[in-house]
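See structure below.
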Protein chains: 2
Amino acid sequence: MSKAEILVIDDEPQIRKLLEIALESNDYKVMQAETGKEGIVMAANHPPDLILLDIGLPDKSGHELLKELRAWYNKAIIVLSVQNSEADIVTALDNGATDYLTKPFRTAELLARIRSAIRRNDVQASNSVIVCGNLQIDFAARTVKKDNEPVKLTSTEYNLLTLFAKNEGRVLTHQCILKEIWGVGYQTETQYLRVFVAALRKKIEDNPNQPRHIITESGVGYRFV
Amino acid sequence: MSKAEILVIDDEPQIRKLLEIALESNDYKVMQAETGKEGIVMAANHPPDLILLDIGLPDKSGHELLKELRAWYNKAIIVLSVQNSEADIVTALDNGATDYLTKPFRTAELLARIRSAIRRNDVQASNSVIVCGNLQIDFAARTVKKDNEPVKLTSTEYNLLTLFAKNEGRVLTHQCILKEIWGVGYQTETQYLRVFVAALRKKIEDNPNQPRHIITESGVGYRFV
DNA sequence: TATTCTCTTTATAAAATCTTTACATCCGAA
DNA sequence: TTCGGATGTAAAGATTTTATAAAGAGAATA
């Protein structure tokens, strides 16, 4: 198996150097970009397995860059940010960041995050089918099966379920889900979400009263298991 | 690795001498200042890894000094105070002190506090996963595990726990916690805090009667270990 | 046009969480 | 020891959040 390739987008040379050393000595192939523009070009020419993106870039907001990347790049993006910028982190995760690290970070932590993110890449890429207990989601065929029986979902229900499935185990806030499924203008319409979650549960849960797949996180959002 | 440097700011010569002996024999490099003014100058010229500050200085209130230091100095500041001056301690912690000791103190305790504070200088909650003994907090997924079992927390409980975890080892005053979790209007509602600390302990402590994670600092606040 | 399907909206019941009260317990000081 | 302040705990009440049914609105289809 060939080395996994990582693209580092960061304007600080010393951080790039640090990352280069840490990553290459752990058998990754490292590409480097100093600016957001450069990063986009490199990623487009030769898509890496993972992108390490500093959110505090000078030439264009790291958030903008993240959005642009996410428009077509679907592998892991880990965001680096300075400390005490929780707003940045939340925004980044909402915009599709896979994970984040705040500087200064320990190398061991960085490597662990990278391994985990790349592992998830593989799961997503190799199977276009995700299996969760008695549920099967086939992204290519756009079909869902429960106990091997086909389940008929509306388009919105399907989108919602795939959003959940792609973020298994992680809490998705109401806002985040609404933005993803209905668009940015609908972030206050939590009732839509309730109605559709109820509909989904009716179709995919054995006992919709005691859901085992779509868990409610009261006051926050939902989590898919 | 070079010796960690500690600046002692105290007007009493015998205390300074005591500290000098205790610290140097434990492989710290010690600088001494007799007055607040002198302390500021020394800290500015050559920032130490930790400052031991006597809050009862004669030339200017130790509290004033603490505020001035905190305006630009972001490493550990441990405050020394006489007994029965809880108001002083609370003020100091609210003004950004890292920890406190009341005189007379035992050397072993002083050294333990110093080690812990210096360790935190470089670790500084930088991970998206924090591990504390049998507890795991995953900020990206917004989940908590105890002994690898998921723990169900309400949103307020989760916020409280993450606040603690991000300030591991530090004393957080009641006011400070209330301000952070409930907002500035709630700084007198210490009863909320008691109720929620009790709830959290029930969920994350092995034995809630003898908490090992959330420690009560009577009259001051709580400390997460 | 009538029918079907899906989405949006409203209403209400149910559940979860938060707030408040009451009282128990602990601990240091007199 | 007794007292008083601080803390811990349980539980009732209030409030917020969530679940669910169902009616109405549009669009697509036959």
Side-chain angles (χ1 to χ4, degrees), chain A residues 142 144 151-161 164 171-175 177-178 180-183 185-224, chain B residues 82-87 89-90 93 102 104 142 144 151-161 164 171-175 177-178 180-183 185-205 207-224:
Chain A
R142 211 183 159 85
V144 177
V151 178
K152 181 159 171 52
L153 297 181
T154 73
S155 139
T156 308
E157 287 164 358
Y158 176 80
N159 291 338
L160 187 56
L161 180 60
F164 278 135
V171 175
L172 298 172
T173 64
H174 300 134
Q175 285 212 347
I177 301 171
L178 285 162
E180 203 64 35
I181 305 289
W182 280 270
Y186 292 76
Q187 297 187 27
T188 53
E189 303 288 343
T190 47
Q191 183 57 18
Y192 286 14
L193 196 45
R194 296 207 185 95
V195 172
F196 277 88
V197 165
L200 250 188
R201 280 177 174 157
K202 227 186 235 176
K203 293 182 180 179
I204 66 169
E205 299 279 2
D206 286 329
N207 181 359
N209 299 330
Q210 295 180 1
R212 290 169 14 86
H213 284 302
I214 304 177
I215 308 296
T216 300
E217 297 283 338
S218 193
V220 184
Y222 295 93
R223 190 159 46 91
F224 186 77
Chain B
V82 294
Q83 245 176 348
N84 301 326
S85 59
E86 285 186 355
I89 291 165
V90 170
L93 290 169
T102 52
R142 205 189 160 94
V144 175
V151 177
K152 177 142 180 67
L153 299 181
T154 72
S155 135
T156 307
E157 287 163 359
Y158 176 82
N159 292 338
L160 186 57
L161 179 60
F164 278 134
V171 176
L172 298 172
T173 65
H174 299 134
Q175 284 214 348
I177 300 171
L178 286 161
E180 203 65 35
I181 305 288
W182 281 270
Y186 293 75
Q187 298 188 25
T188 54
E189 304 287 344
T190 48
Q191 180 56 18
Y192 287 12
L193 198 44
R194 293 200 192 99
V195 172
F196 277 88
V197 164
L200 250 189
R201 281 177 173 157
K202 228 187 235 176
K203 293 183 180 182
I204 67 168
E205 299 280 2
N207 181 359
N209 299 329
Q210 295 179 0
R212 286 166 18 85
H213 284 301
I214 304 177
I215 309 297
T216 301
E217 297 281 335
S218 194
V220 182
Y222 295 94
R223 182 200 299 266
F224 185 76

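Nothing here was measured: the structure is a model prediction, and the numbers come from that model. Proteins get letters first, then strands, A, B, ... in listed order; numbering begins at 1 in each.
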Categorize T190(B) for me: base, sugar-phosphate, or nothing, with a 4.0 angstrom heavy-atom threshold over every strand shown.
nothing
Between T216(B) and R201(B), does a side-chain hydrogen bond (donor to acceptor under 3.5 Å, both in side chains) hold up when you go through it step by step?
CA-CA 11 Å; T216(B) 301; R201(B) 281 177 173 157; 2.8 Å; yes
Side chains of Y158(B) and R142(B), heavy atoms from C-beta outward: is any pair under 4.5 Å?
yes
Of all the heavy-atom pairs spanning G219(B) and V90(B), show the shortest one and how long it is.
O-CG2, 3.9 Å
Looking for any heavy atom pair under 4.0 Å, which part of the strands does Y222(B) touch: base, sugar-phosphate only, or nothing?
sugar-phosphate
Rounding to a whole Å, what distance do you find between I214(B):CD1 and dG8(D):P?
10 Å
Quick one: does K203(B)'s side chain have a donor or acceptor within less than 3.5 Å of a partner on K152(B)'s backbone?
yes
Ranking dG8(D), dA19(D), dT19(C) by distance to the side chain of Y192(B), first place goes to dT19(C)
Below the 4.0 Å mark, does dA21(D) have OP1 or OP2 next to a side-chain nitrogen or oxygen of K202(A)?
yes
How many whole angstroms separate atom CG of L200(B) from atom P of dC18(C)?
11 Å
Could you tell me whether the phosphate oxygens of dT8(C), OP1 or OP2, come under 4.0 Å of any side-chain nitrogen or oxygen in W182(A)?
yes
Correct closest heavy-atom pair for T156(A) and W182(A) would be CG2-CZ2, 3.8 Å
Tell me the interatomic distance from Y158(A), atom OH, to dC7(C), atom P, rounded to whole angstroms.
15 Å
Any side-chain N or O of T154(A) under 4.0 Å from OP1/OP2 of dC7(C)?
yes
Taking the minimum atom-to-atom distance to the side chain of T216(A), which one of dA19(D), dT8(C), dT20(D) wins?
dA19(D)
Between P of dG8(D) and CG of L193(B), the distance in whole Å:
9 Å
Judged by nearest nucleotide, the residue sitting upstream toward the 5' end of DNA chain C, F196(B) or Q191(B), is F196(B)
Rounded to the nearest angstrom, tell me the gap between atom CD in E217(B) and atom C1' in dT7(D).
13 Å
Could you state the atom-to-atom distance from CD of Q210(A) to P of dA14(C) in whole Å?
16 Å
Given dT7(D), dT20(D), dT21(C), which nucleotide is nearest the side-chain atoms of R194(B)?
dT7(D)
Look at the side-chain N and O atoms of N209(B) and state whether any lies under 4.0 Å from the OP1 or OP2 oxygen of dT25(C).
no
Nearest-Å distance, OH (Y186(B)) to C1' (dC18(C))?
10 Å
Residue closer to the 5' end of DNA chain D, V195(B) versus H174(B) (nearest nucleotide)
H174(B)
In whole angstroms, how far is the P atom of dT18(D) from the CD1 atom of I215(A)?
14 Å
